[in-house]
Each structure stands twice: as C-alpha cells, then as structure tokens.
Amino acid sequence: MNNKSSKHTKVLILGSGPAGYTAAIYAARAMLKPILVHGSQPGGQLTTTTDVENYPGYSKAIQGPWLMDEMKGQAEAVGTEMIQDHIKKVDLTQNPFSAEGDSGQTYTAESIIISTGAQARWLNLKSEQNFRGFGVSACATCDGFFFKDKEVAVVGGGNAAVEEAMFLTKFASKVKLIHRRNKLRAEKMLQEKLKANKKIEVIWDSVVQDVLGTTEPKGVNAIKIKNLKDNKIKELKIDGLFIAIGHDPATQLFKDQLEMDKEGYLITKPDSTITNIPGVFAAGDVKDKIFRQAVTAAGMGCMAALEAEKHLSDK
C-alpha cells in the first residue's frame, strides 16, 4: 500500500466493541457511510467474557464473542466499511480531522467517534490469565451472579474494589478483600459500610501469588497469598477471584488534544458524547468509568452517531 493513499469519510469511528459497532449501525443507517477502524482483536472487552446474561434481548445466556460478531455483522450489513489497522497518530487541530495508520493509510474525516475502550488492569500472573472467564474476573456486576453461596476474593483497595466486594455479598457466602497495604484508599463512607458488612473479611498487607484450580471442569478452587510483612505464604480456599485494581482507558493517542480527567478518561458534556473539540465524540468505556456495561456503551454509541449526524447537518 503506498503512503499517499488517503480515505475520506463523513464519520470515522475509532475502536470497536458495543460503542463503536452501535455508532456504526446508526451512522450507516443515516446514510453517512462510516468507516470503522479496529485493531487486531475487534470486539473489545466482551470478547474475553464467556457467559453474558445481562445484555437485553436474550432470555438465555449468550457468549460475549458471539454477541460482538453479531454486532459487527449488523454494522457491515447496513453499510459500514470495516478496516483493520492500528492508528498511531491523530490530528484534531483542523477539520477535516486526520488519522494515520500503521498500514501507511491516512484517514480524513468530518467527524470522529472515539470508542477505543479501556482495559482492566490484571495482576499478570500466568495462572490468573489461564482462569480468566473460569473463576477469575474483572467485573463483579458481570459475573457475581455465578457465585451464589460460594466464597470469593477481591483484590484491590480503592473505591472500585470496595464496591465490588459489597456487591458480591449479595451472592457470595463470604468475600475476602485482599489489599497489599494496611489501609484502604477507598473513601471513608465506603470503608464504614465495608466494616459493617459481616460477610466481608479484609486481608491486609498481602498479595496474590498464584491461582489454583482444576482443568476438568475448568475452575478456580484456591489462591496462594503472601503476607508482605512476614513473607509467609498461605492458601485460601475460594471459588472465584475478582481483580479490582483499576482500568486504563485507551486514550494515549489523544493526549494534549482532548480534555481528559487525571486517570485519562475523555471528558464529554453532561448527557452527551460531545468532547471539547466540535465534531469529535467519545462513547463507551473510553469516557465512562462508572457503569462500564455493554448496554450503556451501546447506548452511548447510538448517542454519538446521532450527535455526529446533527453536527454534520448543522455544518
């Protein structure tokens, strides 16, 4: 592919997942002929999820990767052009905006919808990755239901970790919160609620060293934790492990161009996907650290496409 090649579109969508695909469906149906550029693993975080029971429209559990394939197919069927490329540079200082891909292709666009998502931070243990989706999760709201009357552990010490632990007490018989320090970062009110909850036990000054389980059927049955004060290692019998040490939004590309908060999430106007640059919109987990659900991301993708359409017609 020669470096001179440039593709122009009214709506360029960066990133896939429920937000990007839904934006594409709405933009394509508005005859805007969108181009959606996705990386080597299209579909976002849902492609690492097995059973999805909370996406509306399906009475039986569906598979995350299947749902994303269906959304992708739907976006293509109504007229979205899908391109696999890695965007390495964007210029939002002038309209048309431009984005440059590793392929040598340049994309120019009258509006851009950013739906590059976020990644959960993991402990990066081999055993943790092995049991991802089989007892190891980064989302209590997604997977808590599968641990009814079982014992689980949560790793982390911030608001998210405490909230996940509290949420899990609805299902689990016992929740162990494992934190590497001797005090939590979570806000005081949450800490009070945590202390008052009889089902939660906090394990201080400790880190998870290994996740143990069975291969047939695949599942977690214990973890090894190390106390950082005395270096003692002990085994805890649990059925599920939830990692709640934060998320990283994929926003490096937009540094110094778009307004973001201190954690790197893009800032949009209230009840809107409009960023600080007219014609640039942000949808899904790239701007949402509160809900982080497929259905809310899809909803924002719809909003972004409708706002992009309005922006283009006003121009």
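Residues passing the ring-ring contact (aromatic ring centres under 6.0 Å, His included) test with F146, sequence neighbours excluded: none. F131 is linked by a ring-ring contact (aromatic ring centres under 6.0 Å, His included) to nothing, counting only residues two or more places apart in sequence or in another chain. Remark: T93 engages D91, Q257 in a side-chain contact (heavy atoms from CB on, under 4.5 Å) (not counting sequence neighbours). For D248, the side-chain contact (heavy atoms from CB on, under 4.5 Å) criterion is met by R121, not counting sequence neighbours. For F242, the ring-ring contact (aromatic ring centres under 6.0 Å, His included) partners two or more places apart in sequence, or in a different chain, are F147.
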Would you mind writing out the side-chain donor-acceptor pairs for residues 11-33 within the sub-3.5 Å range, not counting sequence neighbours?
unit_1	atom_1	unit_2	atom_2	d
S16	OG	G43	N	2.8
T22	OG1	P18	O	2.6

Please table the atom pairs, donor to acceptor, closer than 3.5 Å between any side-chain atom in residues 299-311 and protein atoms at least two apart or in another chain.
unit_1	atom_1	unit_2	atom_2	d
E307	OE1	S272	OG	3.4
E307	OE1	T273	N	2.7
E307	OE1	T273	OG1	2.5
E307	OE2	S272	OG	2.9
K310	NZ	D314	OD2	2.9

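Hydrophobic cluster of V207: the remaining members, joined at side-chain heavy-atom separations below 4.5 Å, are L228, listed by chain and number. The hydrophobic cluster containing I290, built from Ile/Leu/Val/Met/Phe/Trp/Tyr side-chain heavy atoms closer than 4.5 Å, also comprises F291.
Under the disulfide bond (SG atoms under 2.5 Å apart) criterion, no residue pair touches residues 165-245, with sequence neighbours excluded. Screening residues 58-110 for disulfide bond (SG atoms under 2.5 Å apart) gives no qualifying pairs among residues at least two apart or on separate chains. Legend: disulfide bond (SG atoms under 2.5 Å apart) pairs involving residues 109-144, not counting sequence neighbours, sorted by first then second residue: C139-C142.
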